[in-house]
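Here, residue 1 is the first one in the sequence, and each next residue gets the next number. Note that the structure is predicted; figures quoted are calculated from it, not measured.
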Amino acid sequence: MQFERVKKALGDGLLSFPITDMDADGRFNADSYAQRIDWFLEHDISSIFVAGGTGEFFSLSKEEYQQIIQIAVMENKGRVPVISSVGRSIPEALEFAKMAEEAGVDGLLLMPPYLTGCPQDGLIEYAKTIINGTKLPVVYYNRSNGILSANAILRLANECPNLVGLKDGTGNMQDLNDTIKTVGDRLTYIGGVPTAEIISEAYLSIGVNTYSSAVFNFVPELALAYYKALRKGDSDKVKSILKEFFIPFVRLRSKKAGYAVSLIKAGADIIGKPAGSVRAPLVMPSEEEKNELQTLIDKAKTLMV
């Protein structure tokens, strides 16, 4: 029942990825984070991914991670599946997975390993060890130095019964289509490039019905309006929102490495739901860039009419 619920949520509906709240001293802010989770759940989302890439998983301590998943489960109250990230080293991933099981998390997102380069057989062993080391359903995040071929993913699917999904972080439609046609409906497929809306039409054309939306953190109504227009085949509205919001946002995001996270925190601050600054090595946008983002947020309000 748990596996089917998670797979259904991953296969249809917008997936939300909340930022992680920090206070003025850069420490995790539990109260603000709980309020953010509640706010997310007021909207029409199918699942919530906590401590993800947008949530700065790479910068969190074990203690912070435990607080985050406990708060998310407590505030969610079973309304939608809660998915949390695991990764880094195998021992850390297994420890985080155990914490997630004990907290009542519904599923896991397996991040790429922390290494400069990985051979396919090593990646398979890494993923298989972690996936088989938990009772929870797992989504494999195919990106960065953790990119698996179609045949490697098929092998993982055959050897890991609790592998339920693949999140694409490459944007390589040729390889993704190869994987989908090779593995078939054994897995659920999720779009996972930064600002996934920018290639959502291409995703949908090969059977990827949903994606992770980072901008949901500061323009949730627009994110939902765009997703609904996409699924309904409203090409005029899709084109308008892409042209007026997402393309300019991606151009702004591309100005500096790490802005896929930093701009999201800046956007949250602009709309009155601040979550503090990003942690180094990321940096926050300049005042000029924040002004550009403010203009886009103002534009977003007009695109939902």
Side-chain angles (χ1 to χ4, degrees), residues 14-19 45 49 52-58 112 141-144 147 167-177 189-206 208-231 234-271 273 275 277-278 281-304:
L14 193 62
L15 311 179
S16 61
F17 284 62
I19 50 181
I45 55 176
F49 283 67
T54 305
E56 299 178 81
F57 171 71
F58 44 84
Y141 199 177
N142 209 37
R143 72 172 293 176
S144 303
I147 298 173
K167 184 182 179 188
D168 170 64
T170 69
N172 185 324
M173 291 299 141
Q174 174 179 301
D175 288 352
L176 180 58
N177 202 20
Y189 303 95
I190 302 166
V193 299
T195 321
E197 287 91 349
I198 197 69
I199 60 169
S200 57
E201 296 160 294
Y203 273 141
L204 188 62
S205 71
I206 60 173
V208 181
N209 295 328
T210 190
Y211 50 82
S212 57
S213 180
V215 301
F216 188 93
N217 280 276
F218 62 91
V219 284
E221 291 83 5
L222 180 72
L224 283 164
Y226 177 82
Y227 179 72
K228 290 175 181 177
L230 177 74
R231 295 303 305 274
D234 187 345
S235 59
D236 288 341
K237 190 166 188 177
V238 165
K239 180 180 179 181
S240 174
I241 296 176
L242 281 173
K243 182 179 179 181
E244 300 296 330
F245 181 85
F246 283 110
I247 289 175
F249 178 79
V250 168
R251 288 174 180 168
L252 180 59
R253 190 204 71 201
S254 299
K255 287 188 174 183
K256 187 173 286 189
Y259 270 15
V261 178
S262 305
L263 280 174
I264 306 303
K265 278 204 159 178
D269 186 40
I270 288 170
I271 68 164
K273 293 189 177 297
S277 298
V278 291
L282 302 188
V283 298
M284 292 298 287
S286 67
E287 287 304 314
E288 181 181 350
E289 290 163 340
K290 290 177 183 176
N291 289 337
E292 289 185 54
L293 185 57
Q294 174 73 71
T295 299
L296 285 175
I297 292 172
D298 292 341
K299 170 62 73 172
K301 298 171 186 176
T302 70
L303 294 171
M304 291 176 288

Review point. Out of curiosity, Leu303 CG to Glu221 CD, how far, rounded to the nearest 0.5 Å?
Key: 13.0 Å
Revision key, fill the gap. Rounded to the nearest 0.5 angstrom, the CG-CD1 distance for Leu293 and Ile270 is 4.0 Å
Review point. Going by heavy atoms in the side chains, are Thr210 and Tyr227 under 4.5 Å from each other?
Key: yes
Study note, to complete from the structure: To the nearest 0.5 Å, atom CZ of Phe249 lies from atom CD1 of Ile297 at 9.0 Å
Review point. Who pairs with Tyr211 by side chain to side chain donor-acceptor pair (under 3.5 Å), at least two apart in sequence or on another chain?
Key: none
Study note, to complete from the structure: Lys265 and Ala275 have their tightest heavy-atom pair at NZ-O, 3.4 Å
Exercise for review: Determine the minimum heavy-atom distance between Met284 and Ser262, stating which atoms define it.
Suggested key: CE-O, 3.9 Å
Point to revise | Ser205 (side chain) donor-acceptor with Ala202 (main chain) under 3.5 angstrom | key: yes
Review point. Rounded to the nearest 0.5 Å, what separation is found between the CG atom of Asp168 and the CD1 atom of Ile199?
Key: 6.5 Å
Point to revise | Phe58 and Leu282: CA distance, side-chain angles, deciding distance, side chain to side chain contact (heavy atoms under 4.5 Å, CB included) verdict | key: CA-CA 11 Å; Phe58 44 84; Leu282 302 188; 3.8 Å; yes
Check your understanding: Between Asn217 (side chain) and Ile19 (backbone), is there a donor-acceptor pair under 3.5 Å?
Key -> yes
Exercise for review: Apply the test side chain to side chain contact (heavy atoms under 4.5 Å, CB included) to residues Val250 and Ser254: give CA-CA distance (whole Å), side-chain angles for both, the deciding distance (0.1 Å), then the verdict.
Suggested key: CA-CA 6 Å; Val250 168; Ser254 299; 4.1 Å; yes
Point to revise | Thr54 vs Phe49, side chain to side chain contact (heavy atoms under 4.5 Å, CB included): CA-CA, chis, key distance, verdict | key: CA-CA 9 Å; Thr54 305; Phe49 283 67; over 6 Å; no
Check your understanding: Charged N to carboxylate O below 4.0 Å: is that the case for Lys256 and Glu289?
Key -> no
Exercise for review: Report yes if some heavy atom in the side chain of Asp175 is under 4.5 Å from a heavy atom in the side chain of Thr170; otherwise report no.
Suggested key: no
Review point. How would you list, by chain and number, every residue that makes a side chain to side chain donor-acceptor pair (under 3.5 Å) with Asp298, sequence neighbours excluded?
Key: Gln294
Point to revise | Pairing of Lys255 and Glu292 as salt bridge, 4.0 angstrom limit | key: yes
Exercise for review: Can you measure from CZ (Arg231) to NZ (Lys228) and round to the nearest 0.5 angstrom?
Suggested key: 12.5 Å
Practice item. Determine the minimum heavy-atom distance between Arg253 and Leu263, stating which atoms define it. Key: CA-CD1, 3.4 Å
**Study point:** Closest approach of Gly169 to Arg143 (non-hydrogen atoms, all atoms of both residues)
**Key:** CA-CB, 3.7 Å
Point to revise | Tyr226 and Phe245 aromatic centres sub-6.0 Å | key: no
**Study point:** Side chain proximity check, Asn209 to Leu204, heavy atoms < 4.5 angstrom
**Key:** yes
Revision key, fill the gap. Rounding to 0.5 Å, atoms CG (Leu296) and CG (Leu252) come to a distance of 6.5 Å
Revision key, fill the gap. Closest non-hydrogen contact found for Leu242 with Glu201 is CD1-OE1, 3.3 Å
Revision key, fill the gap. Ring pair (Phe, Tyr, Trp, His ring centres under 6.0 Å) filter on Tyr189, not counting sequence neighbours, yields none
Point to revise | Residue pair Lys167 / Gly191: nearest heavy atoms and the distance that separates them | key: CE-O, 4.3 Å
